[in-house]
Visitor: 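One structure coming up, written as structure tokens, with questions to follow.
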Amino acid sequence: MKKKIVSAVLCLSMAAALLAGCGSSSSTTADTAEETTEAETEEEVAEEEAEAVEETEEVAEESEEAAEVTTVTEGVLTMGTNAAFPPYEYYDDADEIVGIDAEIAEALAEKLGLTLEIVDMDFSSIITSVQSGKIDVGIAGMTVTEDRLENVNFTDSYATGIQVIIVPEGSEITSVDDLSNEDILIGVQEGTTGHTYCSDDYGEDRVIAYTNGATAVQALLQGKVDCVVIDEQPALSYVEANEGLEILETEYVVEDYAIAVSKDNEALLDALNTALAELIEDGTVQSILDTYITAE
Ligand code: GLN
């Protein structure tokens, strides 16, 4: 944008200079002194005009800049996620990261005039990467919690998550109350709310943390843990993809998903909230959710 404005100003100054030139060559009858004065006057006027134009452009530029945001890489919205969390983020057959979060991020980036770049990382690294300025946003089916709010800002919520319990079919664990059984090992994803709640409620000794949902479910299939506590939508995907698993009817915790943004980038938070409100208002967010989540 800056470049465009600079070149517009240059063109205008050139046009002004040409006009000034025309003025002096047309005054061939005037004596030298007069011609010089006239030329200077015309040049001055042209210069003043050019300056006035420049000032107006600068004001326009300033107000535009107020709406513009600073990102880690200029012109790019860098999103951190953990792409083992279907249908929010996962790899498709073409090895691209797709899903609800990827699509919402794409729509937000477009509104902000930025190109989206997705970085796949452990879920537990997302908040620190936002804080250290490695990524602009964490969009990862991430629950808003008091603890996280101490380290990052969150946008308004765009979806609801529910912590559920996956067990092998026919398991003795039939409700959330059974998790109190001292013999039970609970699989979770490291650094997630499921990890925190289970550690708080049942003690760290009985909670085994895996780097992502896929490995936690793998451990369940191998009998290394007795159940997995994870968000409902990925749970549904994992149960559908693997024989012999089921989700207990009891919900453990209901939560709000939002986008994590650095506390040092209020402008980005504001711009994202404005864009998100528009995308919620015009039905884009709902239609993205509906594409991936079919009502039962
Ligand atoms: N909603 C959970 C959390 O924020 C899990 C998110 C995830 O694993 N991607 O901790």
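Given the structure is predicted, the values throughout are model-derived calculations rather than measurements. Residues take their numbers from the sequence shown, with the count starting at 1. All ligand and atom numbering here is 1-based and tracks the order in the structure.
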Visitor: Counting only heavy atoms closer than 4.0 Å, does ligand 1 sit against the backbone of Tyr257, its side chain, both, or neither?
Guide: side chain

Visitor: Would you check whether Ala140 has a nitrogen or oxygen atom less than 3.5 angstrom from a nitrogen or oxygen atom of ligand 1?
Guide: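 So ligand 1 has an N or O lying under 3.5 Å from an N or O of Ala140.
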
Visitor: Taking side-chain hydrogen bond (donor to acceptor under 3.5 Å, both in side chains) as the cut-off, I'd like each qualifying pair that reaches into residues 135-147, sequence neighbours left out, listed once.
Guide: Thr143-Glu255

Visitor: Atom 5 (C) of ligand 1: which of Val144, Val188, Asp231 has the nearest heavy atom?
Guide: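 Among Val144, Val188, Asp231, the closest heavy atom to atom 5 (C) of ligand 1 belongs to Asp231.
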
Visitor: Identify the two heavy atoms, one from Ser129 and one from Met121, that lie closest to each other, and give their separation to 0.1 Å.
Guide: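 Looks like OG-SD, 3.6 Å.
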
Visitor: If you measure every N/O of Arg148 against every N/O of ligand 1, is any gap under 3.5 Å?
Guide: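 It does: an N or O of Arg148 is found under 3.5 Å from an N or O of ligand 1.
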
Visitor: I want to know if ligand 1 touches Thr192 in the polar sense, i.e. an N/O pair below 3.5 angstrom.
Guide: no

Visitor: Any nitrogen or oxygen of Gly141, main chain or side chain, under 3.5 Å from a nitrogen or oxygen of ligand 1?
Guide: yes

Visitor: Between Tyr292 and Glu103, is any side-chain donor less than 3.5 angstrom from a side-chain acceptor?
Guide: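 Note: Tyr292 and Glu103 side chains meet the donor-acceptor criterion.
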
Visitor: Would you please indicate yes or no on a ring centroid separation below 6.0 angstrom for Phe85 and Phe123?
Guide: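 Aromatic pair excluded; centres sit 6.0 Å or further apart.
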
Visitor: Would you kindly specify which portion of Glu255 sits under 4.0 Å from ligand 1, judged on non-hydrogen atoms: side chain, backbone, both or neither?
Guide: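 The answer is the side chain.
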
Visitor: Taking both backbone and side-chain atoms of Gln189, is any N or O found less than 3.5 Å from an N or O belonging to ligand 1?
Guide: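 Yes; the residue has a nitrogen or oxygen that sits under 3.5 Å from a nitrogen or oxygen of the ligand.
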
Visitor: Is any side-chain heavy atom of Asp256 less than 4.5 Å from a side-chain heavy atom of Phe154?
Guide: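 No; the side chains remain at least 4.5 Å from each other.
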
Visitor: Taking the side chain as every heavy atom from C-beta outward, state whether Ile139 and Thr81 have any atom pair closer than 4.5 Å.
Guide: no

